[in-house]
Amino acid sequence: MSGSAKLCKHKAIEIHQKLWEVRLFELRAAELYREGHLPGFIHLSLGQEACAVGACLALEEKDFITSTHRGHGHCLAKGADPRFMMAELAGKHEGYSKGRGGSMHIADVSKGVLGANGIVGQSAPLACGAALTAQVKNTGQAALAFFGEGASGSGPVHEAMNIAAIWKLPVIFFCEVNRYAELSPYSVHVPIERLSERSKSYGFDGFTVDGSNVKAVYNAVSSARQKIRSGGGPVLIEAKTHRWHGHYEGDPMHYLDDKDRDSSQRMDPVVMFEAACALELGINTEELSKSKENAITLIDDAVSFALGLGAAPTSVISEDVYA
Amino acid sequence: MSGSAKLCKHKAIEIHQKLWEVRLFELRAAELYREGHLPGFIHLSLGQEACAVGACLALEEKDFITSTHRGHGHCLAKGADPRFMMAELAGKHEGYSKGRGGSMHIADVSKGVLGANGIVGQSAPLACGAALTAQVKNTGQAALAFFGEGASGSGPVHEAMNIAAIWKLPVIFFCEVNRYAELSPYSVHVPIERLSERSKSYGFDGFTVDGSNVKAVYNAVSSARQKIRSGGGPVLIEAKTHRWHGHYEGDPMHYLDDKDRDSSQRMDPVVMFEAACALELGINTEELSKSKENAITLIDDAVSFALGLGAAPTSVISEDVYA
Amino acid sequence: MKKNRQPALKYYSAVTRALSEEMRRDENVILIGEDVGPSGGIFAQTKGLHAEFGPSRVRDTPIAEAGFTSLAVGAAMTGLRPIVEVGFEDFLTACMDPIVNQGAKLRYMLGGQVRVPVTLYTFGSGGLSAGPQHSQSLAAWFAHVPGVKVIQPSSARDALGLLKSSVRDDNFVICLLCKSLIGSKELAPSATEDFLIPIGQAEVKKSGSDVTIIALGAMVKRALAAADILKTDGIDAEVIDPRTISPLDMTTILKSVSKTNTLIVVHEAMSPCGIGAEIVARVCETSPSVLRSAPVRITPPFAPSPFAPNLEADYLPSVEKIVMKAKLMLEDRR
Amino acid sequence: MKKNRQPALKYYSAVTRALSEEMRRDENVILIGEDVGPSGGIFAQTKGLHAEFGPSRVRDTPIAEAGFTSLAVGAAMTGLRPIVEVGFEDFLTACMDPIVNQGAKLRYMLGGQVRVPVTLYTFGSGGLSAGPQHSQSLAAWFAHVPGVKVIQPSSARDALGLLKSSVRDDNFVICLLCKSLIGSKELAPSATEDFLIPIGQAEVKKSGSDVTIIALGAMVKRALAAADILKTDGIDAEVIDPRTISPLDMTTILKSVSKTNTLIVVHEAMSPCGIGAEIVARVCETSPSVLRSAPVRITPPFAPSPFAPNLEADYLPSVEKIVMKAKLMLEDRR
Ligand SMILES: Cc1ncc(C[n+]2csc(CCOP(=O)(O)OP(=O)(O)O)c2C)c(N)n1
Ligand SMILES: Cc1ncc(C[n+]2csc(CCOP(=O)(O)OP(=O)(O)O)c2C)c(N)n1
Ligand SMILES: [Mg+2]
Ligand SMILES: [Mg+2]
């Protein structure tokens with residue numbers, strides 16, 4: 001997988017805007033949560049934006065993703081509407097799940113978003129199912145499963161990779177290694193340095209990329225997508241990244257060690273990408289401000305949309321239980 | 001892992017007798033099954049005797065094993081009494097499970113046999129549990145999990161290997177690759193040539209051995225046991241072997257390809273070992289006949305014991321549900 | 001009955017026929033599971049399907065019930081209609097999450113954006129000396145879960161008609177087949193008939209006026225045999241097979257109970273929180289004064305299923321037990 | 001009560017106290033689960049245990065509920081007494097096989113050669129807007145399985161006393177804690193008291209003569225609140241908490257029902273094949289003429305647990321619903 005930028009300017013601007021959409025969506029959600037506007041609990045991906053955006057923007061529109069409890073970025077990047085997402089987080093009828101699912105169950109099937117999911121590990125086999133549909137119907141689609149290093153220890157992820165390898169399913173296993181699973185570090189969950197090595201035990205390719213570098217992620221997923229287009233079967237991509245906030249919003253993070261508390265060590269994927277845009281892609285400050293402004297408007301709209309809605313009617317409780 | 005024979009003559013004779021015990025136990029069981037003396041269904045390990053015997057005789061007496069649906073050999077080799085085993089297969093009260101378990105649930109905990117198990121894949125985490133006890137109590141014991149290549153695709157086996165690696169449990173994962181899982185070949189279940197490679201994805205050692213060669217198995221397990229003694233954590237051993245009979249006794253094996261039907265291709269592990277005994281270990285024909293005779297007597301006794309018993313009393317149905 | 005004209009249908013071939021007819025009808029229907037492919041399955045239940053529909057639509061899986069059931073859910077959300085075989089009902093313990101937290105709920109959680117048309121069939125119940133890990137009846141677990149439907153065919157015709165309907169259903173349907181019925185035969189609907197039995201309808205297998213016996217799966221035949229014996233004693237039993245366990249057809253059950261003023265439920269599953277408990281509770285809640293004697297559940301003792309044939313025979317509800325309980329109940333009433 | 005002398009005990013600290021007391025008492029007791037270690041757990045329920053008992057006896061696991069539950073069973077068979085934490089009750093779907101086919105049956109299958117002293121605790125039930133995959137109440141599944149015991153503490157004291165007993169029990173015990181009670185407080189038994197509540201005994205939380213209300217888990221407090229309101233209307237309700245769900249203490253329940261001739265069961269779990277069904281069935285079977293009005297189950301509608309607070313509030317059994325149903329029942333009787 002070559003490190004050379006394949007990004008055209010147009011795509012770069014799109015990426016830039018999405019990075020800000022994700023960043024702002026979550027900053028606002030955190031704020032609203034603290035203020036008591038969002039019930040339940042939410043898991044933020046602040047610091048991991050490059051993974052969601054780089055991966056989803058390297059896919060085709062018709063492709064599928066499956067996501068996790070930490071899925072806001074994935075869903076937004078694949079095209080879900082922030083208004084209906086925020087409405088869902090607020091438990092409103094207009095939300096993607098009619099207020100019945102919340103943050104962990106955002107989906108926009110029309111955009112290929114098959115759902116965030118509250119059960120760790122299930123994103124992998126569910127994505128294989130979408131890939132199976134693509135394979136059986138020969139649609140040329142691919143599926144990408146987001147999951148974390150914590151999920152890598154779970155049986156369903158192994159079973160999914162094994163089946164995908166044997167059936168040569170058009171699926172990308174995208175592992176965001178954000179150094180923690182819930183309240184415990186990588187070492188509690190994974191006994192090896194590079195999770196991408198696991199692909200060898202199924203006979204397919206695996207790569208490790210810098211998950212703070214959106215270009216690196218974009219390129220890795222683009223290559224994987226290319227391989228799938230030519231019938232090459234699954235690919236595992238490990239993106240090393242950082243979870244800035246707690247496991248859930250409000251997590252006191254007593255368990256962090258000093259090194260991890262020191263935020264000066266961290267790369268900001270958005271800042272990094274803006275620098276690259278300016279230096280390598282000839283995108284000027286004005287263009288960058290514009291896409292950022294677009295993101296601000298979108299997210300502001302989403303917030304006012306969501307907060308302006310009334311409570312969901314109780315009739316939805318018994319809807320959609322059966323088809 | 002060196003290929004040199006570490007076998008002393010005494011051990012070799014013990015192995016020889018056990019090989020015959022296993023062989024004869026199963027041949028007699030098959031016969032009794034066909035004659036209608038054994039109910040339910042039974043899974044034979046004919047052709048795989050070297051795995052069970054080589055592995056168990058390389059362990060210490062205090063060590064634990066967990067086994068599978070195809071467990072007669074494992075249980076016998078670790079020291080279970082053929083009489084109580086055959087009684088169990090016949091559904092008698094004197095059987096290890098009081099007639100409530102049958103072939104798939106043979107256990108002799110006093111000999112470290114924690115049970116055959118009807119659920120594919122569970123032998124691995126159960127063995128890890130025994131290994132955990134050994135580790136926490138610092139008893140110096142080890143545990144060995146028998147499982148097949150089919151089981152390797154299941155979640156619990158992955159979860160067990162991952163945990164064992166992280167916790168450095170004293171456990172040996174012993175995979176008998178007998179080229180089939182139920183009615184389908186290796187390629188349906190495993191996408192790589194050598195399953196032992198999987199150990200790398202957990203950061204521990206893995207080896208592939210000839211599972212028809214009892215010496216090779218014995219040496220591999222001896223080395224693994226040695227490593228565990230010095231606190232080295234888990235080892236994966238893959239033993240390539242052959243399942244001579246069907247998945248279950250009576251299986252018409254319509255699914256076999258011609259190559260697999262051709263039994264002339266197969267090595268008989270017992271014959272192979274007898275040749276080695278004569279050639280390399282200086283054990284003479286008389287000695288070999290004697291240990292074989294011992295085996296015959298033991299198994300004959302077991303059969304008459306089992307067949308001589310009356311039906312289990314129905315009172316056992318509700319015993320041992322709770323402690 | 002035109003006994004000589006119609007060919008006999010075996011329970012396991014009813015499965016094959018249902019699958020093949022539905023796969024012919026709709027190319028989105030696929031079949032996945034352990035050994036459903038070239039081998040034709042351990043009970044020959046998928047014989048010929050791989051040859052007819054090819055390796056893309058009929059897939060042998062690795063041993064990974066959780067993985068492939070979840071995969072089927074993902075496929076169902078995106079346009080296929082997967083049929084999943086899980087060899088033994090006991091192995092459903094390995095795929096509860098895909099069924100309960102995914103298959104049953106994704107439509108609900110995703111605001112109605114998707115349908116999850118999966119049919120999962122499995123061989124359960126006892127009677128074959130298969131021992132404690134291969135003989136369970138777990139229907140009640142799934143009846144406890146909104147979003148899934150549960151069917152249990154007690155005959156070859158029911159297997160055919162119910163399975164075909166479930167493949168056409170847009171929900172996750174669990175079909176619990178009975179191992180002990182595998183070789184049982186019945187007159188087959190003609191080969192050209194598109195034979196469907198609607199999901200959610202109980203069947204009165206034998207009508208009668210003295211005592212209502214609700215029986216599930218393999219117990220239906222035993223209840224019918226008991227009814228024959230009871231008849232010789234002048235007791236006219238009504239035998240009802242719910243066929244669909246979730247949702248339960250309480251209308252048919254209540255109608256019968258109103259007629260006989262009695263209720264016996266027979267199943268192989270454990271008694272606590274079983275289907276029998278639900279039926280008894282529903283009857284007592286909705287028609288508190290209809291029963292003229294205490295309702296009775298006939299189930300095995302609260303213990304795992306034992307292996308030895310004599311033990312298992314004693315463990316399972318028998319024809320004699322049903323007869324005895326029915327007589328006792330009617331005596332009490334006199 | 002010496003309100004000022006005794007310190008208050010919170011539900012989650014009752015868990016910590018139970019675990020630490022039992023670990024101090026018996027060095028074979030170990031604790032495994034996700035984040036039970038240095039972090040002290042997501043609800044601070046294991047705070048301090050890693051520091052006190054060390055990394056060998058208090059182990060953070062990878063996310064592998066099936067693997068580590070089965071591992072705990074293997075450890076229990078060989079001499080340890082593992083306590084297993086599974087974060088949310090909904091994740092029990094991931095470890096049904098180790099519980100049902102291993103933990104529950106190994107003693108039976110192995111002819112009584114082993115004991116399987118595992119205590120598995122988990123946080124379940126609703127009330128925190130945790131959504132469809134984090135709010136379930138699945139007790140009935142396990143009550144359906146011979147070989148396991150099931151407890152559900154409705155208060156801090158009960159959590160302390162029941163959990164300690166379950167660690168000493170030689171069987172696989174599942175302890176279903178209620179998330180919504182986590183911060184609830186009660187007077188604590190004195191720090192030196194070895195406070196045990198026997199498994200298998202229901203408790204009459206409030207005695208009364210007019211109507212029997214059996215409530216589970218977090219519903220006990222609601223039933224008690226309903227009883228207070230009913231009192232103002234001159235209705236004297238008896239509130240019973242089974243505390244142990246399997247085996248059920250039917251003696252206490254039947255005694256109450258014989259006194260009040262009524263039966264209401266309230267739980268958060270789904271109605272079909274739930275604990276309510278079992279209690280209603282048992283009462284109707286054993287005392288068919290004791291009830292003077294139809295028994296009533298108060299449960300959520302048959303749908304997954306919705307996320308939005310207003311939806312969840314409507315979904316769960318409320319104090320008002322209990323009051324209303326009790327009144328209706330007694331009116332019917334007049
Ligand atoms: C089957 C299951 N077990 C446990 C949990 C609780 N849980 C939620 S998130 C999480 C950690 C996941 O870690 P990782 O996969 O690294 O993802 P991250 O949270 O870091 O994005 C855990 C244990 C769950 N949701 N599902
Ligand atoms: C969880 C589970 N799934 C399926 C089965 C049915 N089954 C029994 S043996 C077997 C094949 C196992 O293959 P392998 O692990 O290679 O062992 P072998 O039979 O070859 O010894 C299968 C699928 C089972 N017992 N448990
Ligand atoms: Mg992580
Ligand atoms: Mg095999």
Side-chain angles (χ1 to χ4, degrees), chain B residues 64 66 84 88 95-102 104-110 112-119 121-139 141 143 145 154-164 166-167 169 316 318-323, chain D residues 27-30 32 54-57 59-82 94-95 97-98 100-118 145-149 169-173 199-200 246-247:
Chain B
F64 297 109
T66 57
F84 307 135
E88 187 56 43
Y96 275 116
S97 176
K98 305 188 186 176
R100 294 178 311 214
M104 278 189 291
H105 306 290
I106 305 287
D108 185 338
V109 178
S110 72
V113 181
L114 297 176
N117 206 300
I119 305 297
Q122 285 294 327
S123 58
L126 287 169
C128 290
L132 178 66
T133 301
Q135 190 183 64
V136 170
K137 297 184 166 226
N138 200 11
T139 62
Q141 290 162 297
S154 81
V157 170
H158 164 70
E159 296 185 352
M161 288 195 189
N162 194 48
I163 296 174
I166 296 166
W167 294 2
L169 293 176
V316 301
S318 294
E319 280 171 18
D320 305 320
V321 179
Y322 290 94
Chain D
E27 65 177 15
N28 291 318
V29 178
I30 61 158
I32 68 174
S56 176
R57 291 178 63 198
R59 294 185 183 228
D60 276 342
T61 63
I63 305 172
E65 288 80 6
F68 67 70
T69 304
S70 174
L71 181 148
V73 170
M77 288 166 74
T78 49
L80 293 178
R81 305 183 73 84
C95 50
D97 194 81
V100 173
N101 283 329
Q102 312 301 337
K105 292 193 190 126
L106 273 162
R107 178 175 174 73
Y108 188 84
M109 295 190 298
L110 268 47
Q113 291 180 65
V114 293
R115 287 155 197 259
V116 187
V118 175
V145 174
V148 299
K149 297 184 179 178
D169 196 287
D170 274 338
N171 298 285
F172 198 113
V173 182
I199 290 182
S246 182

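Proteins come first, then strands; the chains are lettered A, B, ... in the order of their sequence lines, and each starts at number 1. Predicted model, so just to flag it, every value in this text is computed and none were measured.
Of the listed residues (D:S70, D:A75, D:G67), the one with the most heavy-atom contacts under 4.5 Å to chain B is D:S70. Between chain B and the options D:G147, D:G112, D:C95, D:G79, the largest number of non-hydrogen pairs under 4.5 Å is found for D:G147. For the set D:K105, D:R59, D:E65, D:R57, the entry with the most heavy-atom pairs within less than 4.5 Å of chain B is D:R59. For the set D:I30, D:L106, D:D170, D:D97, the entry with the most heavy-atom pairs within less than 4.5 Å of chain B is D:D97. Of the listed residues (B:H158, B:E88, B:H105, B:Q135), the one with the most heavy-atom contacts under 4.5 Å to chain D is B:H105. Contact count versus chain D (heavy atoms, under 4.5 Å) is highest, among B:A107, B:G99, B:G101, for B:A107. For the set B:I166, B:T66, B:D108, the count of heavy-atom pairs under 4.5 angstrom toward chain D peaks at B:D108. Of the listed residues (B:N162, B:L169, B:I119, B:I163), the one with the most heavy-atom contacts under 4.5 Å to chain D is B:I119.
Here the closest heavy-atom approach between residue D:N171 and residue B:A323 is recorded as OD1-N, 2.7 Å. Summarising the geometry of D:V114 relative to B:V109, their closest heavy-atom pair is CG1-CG2, 3.5 Å, with the distance given to 0.1 Å. Of all heavy-atom pairs between D:G111 and B:K98, the closest is O-CE, 3.4 Å.
Atom NZ of B:K137 and atom CG of D:N28 lie 3.5 Å apart (nearest 0.5 Å). Between the CD1 atom in D:I32 and the CH2 atom in B:W167 there is a gap of 4.5 Å [rounded to 0.5 Å]. The structure places CZ of B:R100 at 9.5 Å from CG of D:L110, a figure rounded to the nearest 0.5 Å.
Interface residue B:N117: only side-chain heavy atoms are found under 4.5 Å from chain D. Looking at B:E319, the atoms closer than 4.5 Å to chain D (heavy atoms on both sides) all sit in the backbone: N, CA, C or O. Residue contact with chain B, scored on non-hydrogen atoms closer than 4.5 Å, is absent for D:V118. Interface residue B:L114: backbone and side-chain heavy atoms are both found under 4.5 Å from chain D. For B:V316, the part lying under 4.5 angstrom from a heavy atom of chain D is the backbone only. Neither the backbone nor the side chain of B:I106 comes within contact range of chain D; no heavy atoms are under 4.5 Å apart. Residue D:F172 does not touch chain B at all, counting heavy-atom pairs closer than 4.5 Å.
B:D320 contributes no side-chain N or O that, together with a main-chain N or O of D:R107, makes up a donor-acceptor pair within less than 3.5 Å. For B:Y322 (side chain) and D:V148 (main-chain N/O), a donor-acceptor pair under 3.5 Å exists by modelled atom type.
At least one side-chain heavy atom of B:Q122 sits under 4.5 Å from a side-chain heavy atom of D:P98. Residues B:Q141 and D:T78 have side chains not in contact (no heavy-atom distance under 4.5 Å, counting atoms from C-beta outward). Under the 4.5 Å side-chain criterion, counting only non-hydrogen atoms from C-beta, B:V136 is not in contact with D:E27.
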